[in-house]
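Here the structure is laid out as structure tokens; the discussion comes afterwards.
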Amino acid sequence: MSIRLMPGVLGAFLAGAWPATAEDFTFASWNIANLHHETGVPLREGSLPREDVDYERLAAVANELDADIIGLQEIGSLAALERIFSPDAYHLVMSDRYQVGDEEKPPEERDIFTAVALSREAFPDLPSIETVSAFSIQHIDLNQALDAPDIRPTRSAIHVQFELEGEQVSFLNVHLKSSCHQYPLRDVEDQNFFNQQSFGSRFDCRTLKAQLAILENWIEVQHALGVRVVVAGDFNRRLNIAYRNPTRYEDFWAELNDGQPGNFMLRKGPEGRDNVCWPSHEDRFDEHIDLIVSDTEFLARFATASFDKVGLGFDEAPEYAGRARQRLSDHCPVRLVVGG
């Protein structure tokens, strides 16, 4: 479902949404890997099926998250979302890339989509919501197995606008292009420096670089309109690397947070290394790619503004050993809590 964007306080009023308040207001993001609605049935080829107990445990994590607005990624359908987030407690909205019945296609034709969940307590009625199709660009790649072009769209974003403590807030849920987690973007490498072979991730990096330009444009437009910005999602980029190694240049974050125009600055979180999500698993990544970004002036309005990540638990459970952790998810939720 997509609701036409109606900016400003008047738009929120016409949409029937009461302004949210900032008493411990929680923004969140969660990639629930390949979430399908059918027990024992994988969403896509290569993904893992879930059992009833997995859905129950995911729902418990959602309850613990206790967020007012949640950006969600890798969702197969509205029915899948309803197994995790009760429709009695949340408004659930899929991006308009999803069409009813997509989940009934053969596994090789199914896809994943962005979505949002909004607490009915914070939002008795839906605020203004729209799909931002600009992020769904055509990714052009090479299928080496078939020796043929591989052209497919990236994920759409979802934009929710509402009022919080007298401020108009634009919340954007993104799922950016994968497989360019830390390779250079300013000058995308076409050839591997060490072995002089063609660099396979060049296609992914160019697509991510294009999405970066779109994201920077979107943020700066909102800022120019006097709207506060919160961007949450799976950035598929290790944005904290540069802050642990000053000699390493993380060009995605440097471009996004360049302090212009007018000394406009952003803050991201969680910072540092990820020691929360599946910490005992040897093959895990310890870099955050699920992040929340907001403008510093907005965060400075609150007495407290903190970022964190919520573990899924069951780290030592044998049923989730290795790749089987995807029965829950190989991603963990992140939160930004503001208050005061």
Side-chain angles (χ1 to χ4, degrees), residues 1-3 5-6 9 11-32 35 55-75 77-95 113-131 157-174 227-233 269 290 292 294 298-299 301-302 304-310 312 329 331-340:
M1 183 172 78
S2 177
I3 297 177
L5 176 65
M6 296 176 287
V9 176
F13 174 77
L14 293 174
W18 292 100
T21 59
E23 186 65 31
D24 292 332
F25 190 90
T26 301
F27 302 90
S29 175
W30 190 9
N31 182 328
I32 313 179
L35 184 65
Y55 290 102
E56 293 168 4
R57 290 169 174 174
L58 288 169
V61 173
N63 186 61
E64 178 188 353
L65 195 57
D66 192 27
D68 296 291
I69 183 169
I70 310 160
L72 298 152
Q73 304 89 42
E74 296 202 22
I75 307 302
S77 66
L78 186 61
L81 264 187
E82 290 175 347
R83 296 201 65 172
I84 312 302
F85 296 92
S86 168
D88 293 333
Y90 294 91
H91 302 287
L92 303 173
V93 183
M94 300 284 293
S95 85
F113 307 95
T114 50
V116 289
L118 296 90
S119 163
R120 291 182 181 272
E121 183 177 355
F123 300 93
D125 297 289
L126 277 174
S128 174
I129 303 177
E130 65 168 354
T131 294
I158 301 182
H159 173 204
V160 183
Q161 188 170 343
F162 58 96
E163 184 182 337
L164 180 65
E165 290 294 286
E167 296 268 20
Q168 285 297 300
V169 177
S170 280
F171 175 87
L172 186 71
N173 170 32
V174 299
V227 179
R228 301 305 190 180
V229 172
V230 178
V231 180
D290 301 284
I292 300 178
S294 185
F298 175 55
L299 297 182
R301 288 206 53 190
F302 303 97
T304 59
S306 61
F307 298 87
D308 73 339
K309 177 170 279 191
V310 177
L312 304 182
S329 179
H331 297 252
C332 294
V334 293
R335 293 185 296 201
L336 164 61
V337 183
V338 297

Roughly how far apart are [X] [atom1] and [Y] [atom2], rounded to 0.5 Å?
X: Ile69; Y: Phe171; atom1: CD1; atom2: CZ; value: 4.5 Å
X: Ser170; Y: Glu130; atom1: OG; atom2: CD; value: 8.5 Å
X: Leu126; Y: Arg120; atom1: CG; atom2: CZ; value: 7.5 Å
X: Ser95; Y: His159; atom1: OG; atom2: NE2; value: 15.0 Å
X: Leu65; Y: Trp30; atom1: CG; atom2: CH2; value: 7.0 Å
X: Cys332; Y: Asp308; atom1: SG; atom2: CG; value: 11.5 Å

Decide yes or no on side chain to side chain contact (heavy atoms under 4.5 Å, CB included) for Ile70 and Tyr90, but give the supporting numbers first. CA-CA 10 Å; Ile70 310 160; Tyr90 294 91; 4.2 Å; yes

Checking Ser294 against Arg228 for the side chain to side chain contact (heavy atoms under 4.5 Å, CB included) test, could you report, in this order, the C-alpha distance in whole Å, the side-chain angles of both residues, the deciding distance, and whether it holds? CA-CA 8 Å; Ser294 185; Arg228 301 305 190 180; over 6 Å; no

Side-chain touch [X]/[Y], heavy atoms, less than 4.5 angstrom:
X: Phe302; Y: Leu164; value: yes
X: Leu299; Y: Phe307; value: yes
X: Arg83; Y: Leu35; value: no
X: Asn173; Y: Gln73; value: yes
X: Val337; Y: Thr304; value: no
X: Pro333; Y: Leu312; value: yes

Parallel, tilted or perpendicular: which fits the ring planes of Phe298 and Phe27, with parallel below 30° and perpendicular above 60°?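 Perpendicular.
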
So, for [X] and [Y], which heavy atoms are closest and what is the spacing to 0.1 Å?
X: Val227; Y: Gln168; answer: CG1-O, 3.4 Å
X: Ala157; Y: Leu172; answer: CB-CD1, 3.8 Å
X: Leu118; Y: Val160; answer: CD2-CG1, 3.9 Å

Before you tell me yes or no, could you show the steps for Ile32 and Phe85 under side chain to side chain contact (heavy atoms under 4.5 Å, CB included), namely the whole-Å CA-CA distance, both residues' side-chain angles and the distance that decides it to 0.1 Å? CA-CA 12 Å; Ile32 313 179; Phe85 296 92; 4.2 Å; yes

With a 3.5 Å distance limit and no angle check, can you tell me whether Thr26 reaches the backbone of Ala67 through a side-chain donor-acceptor pair? no

Please answer whether the main-chain N or O of Phe123 pairs with a side-chain N or O of His91 as donor and acceptor at a distance below 3.5 Å.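 Checking the backbone N and O of Phe123 against the side chain of His91, a donor-acceptor pair under 3.5 Å is found.
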
Side chain to side chain contact (heavy atoms under 4.5 Å, CB included) for Val230 and Ile292? Distances and angles first, verdict last. CA-CA 7 Å; Val230 178; Ile292 300 178; 3.8 Å; yes

Charged N to carboxylate O under 4.0 angstrom, Glu165 versus Arg301? no

Are a donor atom and an acceptor atom from the side chains of Ser77 and Glu82 found within less than 3.5 Å of each other?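 No - no donor-acceptor pair under 3.5 Å links their side chains.
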
Side chain to side chain contact (heavy atoms under 4.5 Å, CB included) with Leu72: which of Thr114, Leu81, Val93, Val116?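 Only match with Leu72 under side chain to side chain contact (heavy atoms under 4.5 Å, CB included): Leu81.
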
